[in-house]
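Take a look at the structure below.
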There are 2 protein chains.
Amino acid sequence: MTAHDLTKNQEMVLGALSAADGPLSAYTILDRLRDRGFRAPLQVYRALDKLLDYGLVHRLESINSFVACAHPHCHAHGSLAFAICEKCGQVEEFSDATVQSRLADWSREHGFKPSKTAIEIRGTCAACLAV
Amino acid sequence: MTAHDLTKNQEMVLGALSAADGPLSAYTILDRLRDRGFRAPLQVYRALDKLLDYGLVHRLESINSFVACAHPHCHAHGSLAFAICEKCGQVEEFSDATVQSRLADWSREHGFKPSKTAIEIRGTCAACLAV
DNA sequence: TCTCCTGTGTAATGATATTACATTCATTGC
DNA sequence: GCAATGAATGTAATATCATTACACAGGAGA
Ligand SMILES: [Zn+2]
Ligand SMILES: [Zn+2]
Ligand SMILES: [Zn+2]
Ligand SMILES: [Zn+2]
């Protein structure tokens, strides 16, 4: 895993996501970077595209948001799973080898060639349940 | 499972989804029902909300679309999975007990209370690979 | 230098989803 | 029957998310 050489915009977008305590929408990222020169959604989306390619950022399909990878140095990213708290917005990123292999089995058995898998559990996190 | 008494709008939306050969976006449904009196997105979204409640329709988070349940009579809908072909748009709905239980395990171990789970594999289906 | 490729800036547009408010309709209790 | 209630509907406006189109800037290599 080579350290990617990020451009200025990519650095800023990744910085915004890393600084956040939860996932951000593209437009929220834009707002947070306005005083650093960002003006248009496309600047954010273009940077996100690359960061997604590099595996430094993940997209949460069910909430149209993006989150910095929790384990960017570990390349073991097969099909990831996310637990998303609907109360506080916190996200836990995890992966489960059994889940991955079961889904891979299904794909093989059905002649389906997977390209990208989304596993997202929405609910309430332990901290919010404890309140 | 009691047969739900669908309203006129709900019937029409479900009908449009059932007649389609793949998932439809809310606005596509709207277009297909314009000559049956539909005028505004909200008419579609309201019907979809109920149909989702009843389990007659599923939402595909990763493509912002909706699909009629493939097994509406079988109530075994725990956490479903979908394989979505990016070439032809066909969707296969399935469920895997092992996947479900592994995700339930993770949730229990982390004190996370799940409410809705999305498992969506995008890729290329057997038919499209065969071309 | 010329060309190619990547990244960037900007405006406009397209696509998806919700809020707000008024109205209609069936059900229930009197 | 008739008022009260709650569910469903109609419509407009707005909010949110994402892409297309086009012009320009800079670096790498022929
Ligand atoms: Zn990650
Ligand atoms: Zn929480
Ligand atoms: Zn189903
Ligand atoms: Zn296909």
Side-chain angles (χ1 to χ4, degrees), chain A residues 2-17 20 22-54 56-67 84 86 89 91 116 118 120 122, chain B residues 2-17 20 22-54 56-67 84 86 89 91 116 118 120 122:
Chain A
T2 62
H4 287 283
D5 217 356
L6 300 183
T7 67
K8 193 166 68 73
N9 284 4
Q10 288 159 19
E11 282 283 7
M12 286 195 279
V13 168
L14 182 56
L17 283 173
L24 301 179
S25 76
Y27 277 71
T28 302
I29 295 170
L30 174 58
D31 285 340
R32 298 200 179 178
L33 294 176
R34 277 198 195 280
D35 45 3
R36 305 199 54 192
F38 274 55
R39 312 285 324 223
L42 199 48
Q43 296 176 287
V44 176
Y45 283 111
R46 284 201 276 226
L48 285 172
D49 279 347
K50 289 296 182 184
L51 294 169
L52 289 167
D53 272 356
Y54 301 157
L56 298 174
V57 162
H58 303 297
R59 176 184 168 85
L60 300 176
E61 304 285 357
S62 63
I63 56 172
N64 296 324
S65 294
F66 304 85
V67 67
I84 304 168
E86 293 178 312
V91 170
K116 188 167 194 319
E120 301 180 14
R122 275 173 294 166
Chain B
T2 63
H4 287 284
D5 216 356
L6 300 182
T7 67
K8 193 166 66 75
N9 284 4
Q10 288 158 19
E11 282 285 6
M12 285 194 281
V13 168
L14 181 57
L17 283 173
L24 300 179
S25 76
Y27 277 73
T28 301
I29 296 170
L30 174 58
D31 285 340
R32 296 199 180 179
L33 293 177
R34 278 199 194 280
D35 46 2
R36 306 198 52 190
F38 275 54
R39 313 284 323 212
L42 198 49
Q43 297 176 287
V44 177
Y45 283 111
R46 284 203 277 228
L48 285 172
D49 279 348
K50 290 295 181 186
L51 294 170
L52 289 167
D53 273 355
Y54 302 156
L56 298 174
V57 161
H58 303 297
R59 176 183 168 86
L60 301 175
E61 304 285 356
S62 63
I63 57 173
N64 296 324
S65 294
F66 304 85
V67 68
I84 305 168
E86 293 178 311
V91 171
K116 187 167 194 319
E120 300 178 14
R122 276 173 292 167

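In the text below, chain A, chain B and the rest are named by the order of the sequence lines, each starting its count at 1.
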Under 4.0 Å between a side-chain N/O of A:Asn64 and OP1 or OP2 of D:dA18, yes or no?
yes
May I ask you to evaluate whether A:Lys50 reaches the phosphate of C:dG7, defined as a side-chain N or O under 4.0 Å from OP1 or OP2?
yes
Every protein N/O within reach of nucleotides 24-26 of chain C N/O, cut-off under 3.5 Å:
none

What residues, two or more places apart in sequence or in another chain, satisfy side chain to side chain contact (heavy atoms under 4.5 Å, CB included) together with B:Ala26?
B:Val44, B:Tyr45, B:Leu48, B:Phe66
My understanding is that only residues two or more places apart in sequence, or in another chain, count here; which of them pass side chain to side chain donor-acceptor pair (under 3.5 Å) with A:Asn9?
none
Separation between CD (B:Gln10) and CG (B:Asp5), nearest 0.5 Å, reads 9.0 Å
Which heavy-atom pair separates A:Val13 from A:Ala47 by the least distance, and what is that distance?
CG2-CB, 3.6 Å
Each nucleotide in nucleotides 24-29 of chain D should get exactly one letter: B, S or -. Can you fill that in based on protein heavy atoms under 4.0 Å?
------
Which residues in residues 40-49 of chain B have a heavy atom closer than 4.0 Å to any atom of DNA chain D?
B:Ala40, B:Leu42, B:Gln43, B:Arg46
With sequence neighbours left out, which residue pairs that include part of residues 27-42 of chain B fulfil the side-chain hydrogen bond (donor to acceptor under 3.5 Å, both in side chains) condition?
B:Ser25-B:Thr28, B:Asp31-B:Arg34
Is there a side-chain contact between B:Phe38 and B:Ile29 in this structure, where contact means two heavy atoms from C-beta onward sitting under 4.5 Å apart?
no
Spacing between B:Asp53 atom CG and D:dA7 atom P, to the nearest angstrom:
13 Å
Atom pair CG/CG of A:Leu17 and A:Leu56 - distance to nearest 0.5 Å
10.5 Å
List for me each residue that meets side chain to side chain donor-acceptor pair (under 3.5 Å) alongside A:Ser62, sequence neighbours excluded, and say none if there are none.
A:Glu120
Side chain to side chain contact (heavy atoms under 4.5 Å, CB included) partners of B:Glu11, counting only residues at least two apart:
B:Leu6
CZ on B:Arg46 to OG1 on B:Thr7, rounded to 0.5 Å:
10.5 Å
Between A:Ile63 (CD1) and C:dA17 (P), how many Å, whole number?
14 Å
Could you list by number each residue of residues 24-39 of chain B showing a heavy-atom separation from DNA chain D of less than 4.0 Å, or answer none if no residue does?
B:Arg39
Quick check for you: to the nearest 0.5 Å, what is the distance between B:Leu24 atom CG and B:Ile63 atom CD1?
9.5 Å
Output all residues satisfying salt bridge (charged side-chain N to carboxylate O under 4.0 Å, His left out) with B:Arg122, sequence neighbours left out; order by chain, then residue number.
A:Glu61
For B:Gly89 and B:Pro23, which heavy atoms make the closest approach, and how far apart are they?
O-CD, 3.0 Å
